[in-house]
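Atoms considered below: every heavy atom in the structure, side chains included; atoms not considered: hydrogens, waters and symmetry mates. As the structure lists them, so they are numbered: ligands from 1, and atoms in each ligand from 1.
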Amino acid sequence: MRKVIIAGNWKLNKTSAEAITLVEELKREVVDVSGVDIVVCPPFTAINDVNECLIGSNIDLGAQNVFWQDSGAFTGEVSAPMLKHLGVKYVIIGHSERRQFFGETNETVSKRIRAALTHGLTPIVCVGENLAERESNKTFDVIKNHCEGSLVNLTAEEMSKIVIAYEPVWAIGTGKTATPEQAQEVHAYIRQLLARIFNTEVSQSVRIQYGGSVTPENIAILIAKPDIDGALVGGASLKAPSFAAIVKAAQK
Ligand code: PGA
């Protein structure tokens, strides 16, 4: 049985003071939840304060990116050992906004995955097609390219530690969710790819989240699909009641 994982990607939102308020409220809302991995990914500047608030809670800490070198002359970057030291457990890698605005490629995604694994962080690796690609029936090609290109050089054991997030770019922040059938089709395809690249055991154990306009209203029908193991939530993770409602509805 794959454990459901719901992660909140706060993106470029929340000062540390605002982050503390959000997390204090969230802790109260989800205190009785079990059987779901709950993760919040604040901006770097709030990570330390959020970590302190989360001690003893059932919520884990994630970051939104990581650089592949441990230290050195890389102005503006943050490394895996630095994150690990702050109590970070998960790290989002290769989000479509990073691909779109910051030149992220399969190659850089793969380097970041390596750095995260080396330092004991769990990568949440994002894949997904944009609208033009979906409309020209290239969805599977793009998913194959993202998976093969970014998961290269991993052993089956390393792959089993990774979480994948399928995020159709056209569904992110648009209010236009993929239908459960559209999402399930791609999730099943990702599992097939993992079986081919690694093995069946890995493909059955890796958790695949769906992301893109997930709300308290649509999470139940998404999570009901056999290959959807959770969600990566943007907008709806910025308020404790909506994120908590998603977490609760996702308890399978
Ligand atoms: P959204 O963002 O939930 O606001 O669509 C999801 C994401 O980008 O991870």
Sequence neighbours excluded, which residues qualify as ring-ring contact (aromatic ring centres under 6.0 Å, His included) partners of Y166? H187

Expected output: side-chain R98 to main-chain V109 donor-acceptor under 3.5 Å: no

Would a hydrophobic clustering, with Ile, Leu, Val, Met, Phe, Trp and Tyr connected at side-chain separations under 4.5 Å, put V39 with V88? no

Side-chain donor-acceptor distances from residues 140-147 under 3.5 Å, at least two apart:
residue: N145; atom: OD1; partner: N106; partner atom: ND2; Å: 2.9
residue: H146; atom: ND1; partner: G128; partner atom: N; Å: 3.3

Chain-and-number sorted residues having a heavy-atom contact under 4.0 Å with ligand 1 are N9, K11, H95, E167, A171, I172, G173, G212, S213, L232, V233, G234, G235

Can you list every pair that meets salt bridge (Lys or Arg N to Asp or Glu O under 4.0 Å) and has a residue in residues 109-130, with sequence neighbours left out? E104-R112, R114-E158, E129-R134

Considering only NZ, NE, NH1 and NH2 on the basic side and carboxylate oxygens on the acidic side, decide whether R28 and E25 come within less than 4.0 Å. no

